[in-house]
Trainee: 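Once you've had a glance at the structure underneath, I'll fire off some questions.
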Amino acid sequence: MKQVRTQLSGKVESMDGNSEERITRVLFCGPHFPASHNYTREYLRKYPFLQVDEVPIDDVPNSISKYHMCIVKSMKLDSNVISLATEMKLIMQYGVGLDGVDIDAATKYGVRVARIPSHVTGNAASCAEMVIYLILGLLRKQNEMQIAVEQRRLGEPVGETLFGKTVFIMGFGNIGIDLAKRLRPFGVKIIATKRSWEAQSQDSCQSNDVPGPNSTTNDLIDEKGVHEDIHEFASNADIVVCCLNLNSETAGTVNKKFISSMRKGALIVNIARGGVLDYEAVLDHLKSGHLGGLGIDVAWTEPFDPNDPILKFKNVLITPHVGGVTEFSYRSMAKVVGDVALQLHAGIPLTGIEIVN
């Protein structure tokens, strides 16, 4: 049987034989984010020639050789594992983050790597809403409120309003755009940094309707800067929201110098990846009281240790990496993954994804 080969154009070669007699196998790595494989399997249930499997992470190296498409989720796919994927045509994320994939190794072995653009699936909107949830939870002292309920105390703690605050969005991509749109009605000042603003087209500011069909970057942001301005912007913010992609340049960006430059009592919310924050710097500034609160949907190691010292602070909120895990976004991404699997099986161009190599 002739093998499928993903080409530089994103197309795949046709294969000999009846396509419905062949089986295209889709691998989901590990048990976490279960809705991803459950929804994809449901979407593809009418296509018996597509097989969707969820394989335990420890078993992936021994099983990957028989799969044609891989959804990496939270697994690290290094060169050794990719070298075993002899039938693999496409590695992709059920979302955006590809920091766990050795893209150079995949390229070496002729395997395409792709992400799902967040602005077309509702993933960016879902993450933006999670940021607001964490911000409000920190400002209104969610953990202390729960203690007050348990102790039958009324009228405390005294919280703060989001109104009048300055919010620094560090990394103004799709999530940053959707966040800015949703923050506007709260009466905040929005400042943001991005490595380059030249690629920020008007169209990219129209991903999820609010506040209007003709919104531009200038409508959403009161002040914008480049990455070199992050310490200055941090010093002027009440709330810092991390929306950076994790790579060799951004790892540890929120370090001792950065947090020290923030206002005393300011908050950090991280919706990006745990590695953007320096663990020791965060812990030290929570202990000193300089950092007023921390809200994280992503952690340094995942699943995060529930007994970690950082979680002992009342002004720390953590959610289990569910920023993008909503019915709308996960159903939308299941459709993208399912359609790509069908395209891969049929040997036609792959659509709905962003190929990065």
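Quick caveat: nothing in here was measured; it's all calculated off a predicted structure. Position 1 is the first residue of the sequence, and the numbers go up from there.
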Trainee: Look up atom CD1 in Ile135 and atom CG in Leu317, then write down how far apart they are to the nearest 0.5 Å.
Mentor: 11.5 Å
Trainee: Evaluate the side chain to side chain donor-acceptor pair (under 3.5 Å) criterion for residues Asp53 and Tyr67: first the C-alpha distance (whole Å), next the side-chain angles of each, then the deciding distance (0.1 Å), finally the verdict.
Mentor: CA-CA 9 Å; Asp53 295 330; Tyr67 289 95; 2.6 Å; yes
Trainee: Are Met262 and Leu162 grouped together when hydrophobic residues (ILVMFWY) are joined by side-chain heavy atoms under 4.5 angstrom apart?
Mentor: no
Trainee: Say whether Tyr279 and Asp308, considering side chains only, have a donor N or O and an acceptor N or O under 3.5 Å apart.
Mentor: yes
Trainee: From Lys73 NZ over to Phe28 CZ, what is the distance, rounded to the nearest 0.5 angstrom?
Mentor: 7.0 Å
Trainee: For the CZ atom of Arg263 and the CG atom of Asp238, what is their distance to the nearest 0.5 Å?
Mentor: 4.5 Å
Trainee: Any idea which heavy atoms bring Phe258 and Ala234 closest together, and the distance?
Mentor: CZ-CB, 3.7 Å
Trainee: Return yes if some donor-acceptor pair links the side-chain N/O of Gln343 with the main-chain N/O of Thr351 below 3.5 Å, else return no.
Mentor: yes
Trainee: Does a side chain donor of either Lys256 or His285 reach within less than 3.5 Å of an acceptor in the other side chain?
Mentor: no
Trainee: Hey, is the main chain of Pro34 close enough, under 3.5 Å, to the side chain of Asn38 for a donor-acceptor pair?
Mentor: yes
Trainee: Does the side chain of Thr24 come under 3.5 Å of the side chain of His345 through a donor N or O and an acceptor N or O?
Mentor: yes
Trainee: Check step by step if side-chain contact (heavy atoms from CB on, under 4.5 Å) holds for Val298 and Phe304.
Mentor: CA-CA 9 Å; Val298 289; Phe304 197 49; over 6 Å; no
Trainee: Is there a donor-acceptor contact under 3.5 Å from the side chain of Arg115 to the main chain of Gly97?
Mentor: no
Trainee: Take Thr250 and His227 through the side chain to side chain donor-acceptor pair (under 3.5 Å) test and state the conclusion after the steps.
Mentor: CA-CA 10 Å; Thr250 61; His227 190 71; over 6 Å; no
Trainee: Of all the heavy-atom pairs spanning Thr326 and Ser126, show the shortest one and how long it is.
Mentor: OG1-OG, 2.8 Å
Trainee: Could you go through the salt bridge (Lys or Arg N to Asp or Glu O under 4.0 Å) check for Lys314 and Glu144 one step at a time?
Mentor: CA-CA 7 Å; Lys314 294 179 182 178; Glu144 292 178 55; 5.8 Å; no
Trainee: Heavy atoms, side chains only, cut-off 4.5 Å: are Leu283 and Phe313 in contact?
Mentor: yes
Trainee: Does the side-chain contact (heavy atoms from CB on, under 4.5 Å) test come out yes or no for Cys243 and Ile271, once each step is laid out?
Mentor: CA-CA 6 Å; Cys243 299; Ile271 197 72; 3.9 Å; yes
Trainee: So how far is it from Asn247 CG to Asn245 CG, rounded to the nearest 0.5 Å?
Mentor: 7.0 Å
Trainee: Are Val96 and Ile353 connected in the hydrophobic side-chain network, where two residues link if heavy atoms are under 4.5 Å apart?
Mentor: no
Trainee: Any chance the side chains of Glu87 and Ser65 put a donor and an acceptor closer than 3.5 Å?
Mentor: no
Trainee: Examine distances only and state if a side-chain atom of Glu302 and a backbone atom of Ala299 form a donor-acceptor pair shorter than 3.5 Å.
Mentor: yes
Trainee: With Lys335, which residues qualify under salt bridge (charged side-chain N to carboxylate O under 4.0 Å, His left out), at least two apart?
Mentor: Asp339
Trainee: Do Lys312 and Asn307 have side chains that approach each other closer than 4.5 Å (heavy atoms only, starting at C-beta)?
Mentor: yes
Trainee: Does any non-hydrogen side-chain atom of Val241 lie less than 4.5 Å from one of Val167?
Mentor: yes
Trainee: Going from NZ on Lys108 to CD1 on Ile82, what distance comes out if it is rounded to the nearest 0.5 angstrom?
Mentor: 10.5 Å
Trainee: Can you get from Val269 to Ile221 by hopping between Ile, Leu, Val, Met, Phe, Trp and Tyr side chains that sit under 4.5 Å apart?
Mentor: yes
Trainee: Do the rings of Phe49 and Tyr47 sit parallel, tilted or perpendicular, given the 30° and 60° boundaries?
Mentor: perpendicular
Trainee: For Lys46 versus Pro48, what's the shortest heavy-atom pair and its separation?
Mentor: O-CD, 3.3 Å
Trainee: Applying side-chain contact (heavy atoms from CB on, under 4.5 Å) to Ile116 and Asn123, what does each step give before you reach the verdict?
Mentor: CA-CA 9 Å; Ile116 302 175; Asn123 184 63; over 6 Å; no
Trainee: Between the main-chain N or O of Asp178 and the side-chain N or O of Arg182, is there a donor-acceptor pair closer than 3.5 Å?
Mentor: yes
Trainee: Does any N or O in the side chain of Lys181 come within less than 3.5 Å of the main-chain N or O of Ile177, such that one atom is a donor and the other an acceptor?
Mentor: no
Trainee: To the nearest 0.5 Å, how far apart are CG in Leu179 and CD1 in Ile190?
Mentor: 7.0 Å
Trainee: Under the criterion salt bridge (Lys or Arg N to Asp or Glu O under 4.0 Å), I'd like the reasoning laid out for Glu54 against Arg41: C-alpha separation, chi angles, the key distance, then a yes or no.
Mentor: CA-CA 10 Å; Glu54 175 266 308; Arg41 188 179 287 119; over 6 Å; no
Trainee: Measuring only between side-chain heavy atoms, which start at C-beta, is Leu136 closer than 4.5 Å to Gln142?
Mentor: no
Trainee: I'd like to know if the side chain of Trp300 and the backbone of Gly274 have a donor-acceptor N/O pair within less than 3.5 Å.
Mentor: yes
Trainee: Set out, in order, the CA-CA distance, both residues' side-chain angles and the distance that settles side-chain contact (heavy atoms from CB on, under 4.5 Å) for Cys29 and Cys70, then state yes or no.
Mentor: CA-CA 7 Å; Cys29 298; Cys70 173; 3.5 Å; yes
Trainee: Answer yes or no: is there a donor N or O on one side and an acceptor on the other, between the side chain of Asn143 and the main chain of Val316, under 3.5 Å?
Mentor: yes
Trainee: Do you know which two heavy atoms are closest between Ala251 and Leu246, and how far apart they sit?
Mentor: CA-CD1, 3.7 Å
Trainee: Just wondering, are more than 12 heavy atoms of other shown residues or ligands nearer than 6.0 Å to CZ in Arg140?
Mentor: no
Trainee: Taking all non-hydrogen atoms of both residues, which atom of Val188 and which atom of Leu183 are closest, and how far apart?
Mentor: CG2-O, 3.6 Å
Trainee: With heavy-atom distances below 4.5 Å as the criterion, would you say the side chains of Met69 and Val340 are in contact?
Mentor: yes
Trainee: Identify the heavy atoms of Cys242 and Leu277 that sit nearest to each other, and give their distance.
Mentor: SG-CD1, 3.8 Å
Trainee: Between Ile268, Asn270, Ile230, Leu244, which is the residue that forms a side-chain contact (heavy atoms from CB on, under 4.5 Å) with Val254?
Mentor: Ile268
Trainee: Do you reckon Trp197 sits in the same ILVMFWY cluster as Ile169, going by side-chain contacts under 4.5 Å, direct or chained?
Mentor: yes
Trainee: Given 3.5 Å as the limit, does a donor-acceptor pair link the side chain of Ser118 with the main chain of Asn174, or not?
Mentor: no
Trainee: Is there a donor-acceptor contact under 3.5 Å linking the side chains of Thr121 and Ser332?
Mentor: no
Trainee: Counting N and O atoms only, with roles assigned by atom type, does the side chain of Tyr133 sit under 3.5 Å from a partner on the main chain of Gly323, one being a donor and the other an acceptor?
Mentor: no
Trainee: Given the ring of Tyr39, does Arg331 sit roughly above its face, with NZ or CZ under 6.0 Å from the centre of the six-membered ring and within 45° of the axis?
Mentor: yes
Trainee: When you group the ILVMFWY residues by side-chain heavy-atom contacts below 4.5 Å and let the links chain together, are Met88 and Val72 in the same group?
Mentor: yes
Trainee: Can a donor-acceptor pair be found between the side chains of Asp297 and Thr319 at a distance below 3.5 Å?
Mentor: yes
Trainee: Checking His321 against Phe33 for the ring-ring contact (aromatic ring centres under 6.0 Å, His included) test, could you report, in this order, the C-alpha distance in whole Å, the side-chain angles of both residues, the deciding distance, and whether it holds?
Mentor: CA-CA 9 Å; His321 204 143; Phe33 307 94; 5.1 Å; yes
Trainee: List the steps, then state whether salt bridge (Lys or Arg N to Asp or Glu O under 4.0 Å) holds for Asp99 with Arg273.
Mentor: CA-CA 9 Å; Asp99 45 283; Arg273 286 290 186 268; 3.0 Å; yes
